[in-house]
Amino acid sequence: MKKVLVVGGGGREHAIVDALSRSPQVGKIYCAPGNAGIAAQAECVPIKDDQIEALKGFALANDIDLTVVGPEISLAAGIVDAFAEAGLRIFGPTKAAATIESSKDFAKQLMAKYEVPTAAFATFSSYEEALDYVRKGQFPVVLKYDGLAAGKGVVIPETLEEADAALKDMLLDDKFGHGKVVVEEFLTGPEFSFMCFVDGERVWPMTLSQDHKRAYEGDKGPNTGGMGAYSPVPLITEEDLQFAMDKVMKPVAAGMVAEGCPFKGVLYGGLMKTPQGVKVIEFNCRFGDPETEVVLPRLESDIYDIFSAVADGTLMPYIRWKKEMTMGFVMASKGYPGSYEKGFEIKGLDRLPEDIRVFHMGTSCREGEFFTAGGRVLMVVGTGADLQEAHDKALAAVQSIDCGNLFYRKDIGWRVL
Ligand code: AMP
Ligand code: GLY
């Protein structure tokens, strides 16, 4: 039986642990650092996701057969390079390949070079030049801090004053650190998440999902890590999907090989179906969160086989998906994505119907009781023959969870219901 280490401690890692626990080959799952919900399915190890040397030491000392990495922070810190050097099997991209997420400018240059459809753009490190470019262009405009910013480095100003303030934050005051800004054309249309297993030039699609990035109902309020998701996405046709494979994911995978940084792991295309066709909004170098919580429950194949095929470069099994559909609501601490308080008791988790899956994003546990411990706290997922049924079950479950400091969006799935 195999021993697996999952790195990370959010809802995404809970869903990865949950999928691994269904594999008949997997005997023991560790999760570092994990969380209070993950502890029911894996042994949590108190090592943070950016403590690469400590994680490597743990994997060596415990004869881990395979390590699976959730967060971008671990990947950008070079966990895959460090593990590979030590002869450890690991699922995820190298630090160089992770640049597709950690630098927006790298991703845009790559897309330009390999003719992958995306918004027109220009990159600046000078505040004056950026402001001048924005002044001559159209509004709204999209401003993206070049480096990792936990989903908070993108602003979409409607006016020159707002753009000026955001550029000052990013380029003069170094709000996210010292770096560049990508200025992008504003695109419109529904967004969807296309995650693929990638091993160099080989690309295997996962079923589609759709996230809800804005904090409040009606897609209002600030951008967040994601407030809910569902899978599959009926708005996207077979042709759209084929286009996304042939004109986006495959050329990007091939481009990464040609650039000398072949990608291994999950390549996440954040795509938009614009009136001019499918275009790329962003790439991530990992599973999405909360998308993974609605996608992996639909996976019928053994995920250990899939991770192994990518990690070892061997034959990929045929990936089978369940027909049943999923929809999930994120319950977040009041104030998120801004500042929020922690430590509120969550009641009702033990009274939920059996077919409801609760993935813990940020909880702690004391004497059997759960407490809020993060911005996003729970992802509550319903399953049904169609998205309406999945929605109704998940919403009823969310409404029965009792906590004084959580909020959620009731309109998850509005585009398809
Ligand atoms: P990103 O971190 O690049 O995914 O951007 C966060 C969110 O900002 C996206 O999910 C979109 O909703 C929005 N966004 C980013 N780029 C654009 C664009 N070029 N046009 C319209 N909206 C965008
Ligand atoms: N839910 C979007 C992301 O994982 O980046």
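Whatever order the structure lists ligands and atoms in, that order sets their numbers, starting from 1.
With ligand atoms numbered from 1 in the order given, ligand 1 contributes 19 (N) to contacts under 4.0 Å with heavy atoms of A119. Against a heavy-atom cut-off of under 4.0 Å, V142 is close to the following atoms of ligand 1: 16 (N), 17 (C), 18 (C), 19 (N), 20 (N). Heavy-atom contacts of E184 reach the following atoms of ligand 1: 16 (N), 18 (C), 19 (N) (cutoff under 4.0 Å).
Taking R214 as the reference, nothing meets the salt bridge (charged side-chain N to carboxylate O under 4.0 Å, His left out) condition, with sequence neighbours excluded.
Where the criterion is an N or O separation shorter than 3.5 Å, residue side chain and backbone included, L187 meets it with respect to ligand 1.
Proximity of the aromatic rings of Y133 and F124 is defined here by a centroid distance below 6.0 angstrom, and this criterion is met. Aromatic ring centres of F139 and F186: separated by at least 6.0 Å.
Residue contacts with ligand 1 for N223 involve side-chain atoms from C-beta outward but no N, CA, C or O (heavy atoms, distance under 4.0 Å). Only the side chain of K144 comes within contact range of ligand 1, with a heavy atom under 4.0 Å; no backbone atom does. Heavy atoms of T188 found under 4.0 angstrom from ligand 1: none, in either backbone or side chain.
K334 forms no cation-pi arrangement with Y336, by the criterion of a distance under 6.0 Å to the ring centre and an angle within 45° of the ring axis.
The residue from E191, H212, K213 that puts a heavy atom closest to atom 12 (O) of ligand 1 is E191.
The backbone N or O of R202 lies less than 3.5 Å from no partner atom in the side chain of D199, so there is not a single donor-acceptor pair. Checking side-chain atoms of T292 against main-chain N and O of D289 turns up no donor-acceptor pair under 3.5 Å.
Salt bridge E217/R409: absent, no basic N to carboxylate O contact under 4.0 Å.
Taking the six-membered ring for Trp and thresholds of 30 and 60 degrees, F287 and F307 have ring planes more than 60 degrees apart, a perpendicular arrangement. Classified by interplanar angle (parallel below 30°, tilted 30° to 60°, perpendicular above 60°), the ring pair H360/H14 is tilted. Taking the six-membered ring for Trp and thresholds of 30 and 60 degrees, Y216 and F407 have ring planes inclined between 30 and 60 degrees apart.
Protein residues with a heavy atom under 4.0 Å from ligand 2 are D211, K213, G225, Y268, N284, R286, G288, D289, P290, E291.
Within the structure, ligand 1 has K104 among the residues with a heavy atom less than 4.0 angstrom away.
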